Amino acid sequence: MLKLRLAVVLAAALCMSCSVTPWKRLATGYNFVSLTKTLGEKFDSSVKKFLEVKRAECKAAHAIKTAEYDKCVLPAVRLSRAWTGEKAGKKTGKGGLGILQAGQRTTKLALDAAFDYVKTHEKACSGEAPPKDCHGDWKVLIKPGICAAWTVVDLGVKIGAFKTTDDPTYKLVAASVDAFACGR
Amino acid sequence: MPMAAAAVAGIVIDILMKAFPPVYEFIKKELDGGADAQKLRDEPVKFSISFGGGEGEAVKVQRAVEDEMLDPNQD
């Protein structure tokens, strides 16, 4: 599996460097950020669903405002906190969603700046090793966000919250995130 | 003799096509990728990254559950 992941990363790197026009590089960057948006929406939906199911199960078995109810529902709440970054009404700034969104915002800014640069320097940006201004530093910028989101996914899979492993978007990102974003 | 980058890419893509179709489809699209690239060149960028009012939907259920807990501050 590790070899396959590395192959994916290698292929993606080749896609980014071996061909093409600066417009294609930018399109790849925008497509990648779009995928993180789609995946984020799916994670949010999965966390919500898991929390709703556990809430109903725990309510059926225990009265609310009891230690038994807390013990029953706490694993799902922990997962949700790891995703939302909120705990008992207070924002911790450590949630996967917030970090992912910050990464998306800075990446989009980098891509937009590169878009403007390419418009006026298309010829200089068309070589095999174009200046960084031609494509932005989006791969670096989005790494912390993807890694944070992935940590939440990992937690969710371990406690059985996510059953989305057959989803093509999940497969696509799962194949490369470990090696690429988290540096494993 | 070292293999050309294109040849290596071809082998990698061949492996992916057999082993991991969704990833292959994505990379194939990127390799073929004229459509998105040309569209990007021709049209201004229209791109949205926010969703669910920025905080998503899960947090709303979480708040409701925490209201039902005896001690919502426990880890």
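Just so you know, these numbers use all the heavy atoms, side chains as well, and skip hydrogens, waters and symmetry mates. Since we're looking at a predicted model, the values are computed, not measured.
- Neither the backbone nor the side chain of A:Lys71 comes within less than 4.5 Å of any heavy atom of chain B.
- Using a 3.5 Å distance cut-off with no hydrogens or angles, the side chains of A:Trp83 and B:Gln62 do not pair a donor with an acceptor.
- Rounded to the nearest 0.5 Å, atoms CD (A:Gln101) and NZ (A:Lys108) are 14.0 Å apart.
- Of the listed residues (A:Leu74, A:Ile64, A:Asp70), the greatest number of heavy-atom pairs within a distance under 4.5 Å of chain B belongs to A:Asp70.
- Heavy-atom distances place the backbone of A:Thr66, and not its side chain, under 4.5 Å from chain B.
- Between A:Glu57 and A:Lys54 there is a salt bridge, with a side-chain nitrogen of the basic residue lying less than 4.0 Å from a carboxylate oxygen of the acidic one.
- Although no hydrogens or angles enter the test, the distance criterion places no donor-acceptor pair under 3.5 Å between the side chain of A:His62 and the main chain of A:Cys58.
- Looking at B:Lys60 and B:Glu57, a side-chain N of the basic residue comes within less than 4.0 Å of a carboxylate O on the acidic one, giving a salt bridge.
- Heavy atoms closer than 4.5 Å to chain A are found in both the backbone and the side chain of B:Asp71.
- Ranked by heavy-atom pairs under 4.5 Å with chain B, the first of A:Lys119, A:Lys59, A:Lys49, A:Lys65 is A:Lys65.
- For A:Lys90, no part lies near chain B; criterion is any non-hydrogen pair under 4.5 Å.
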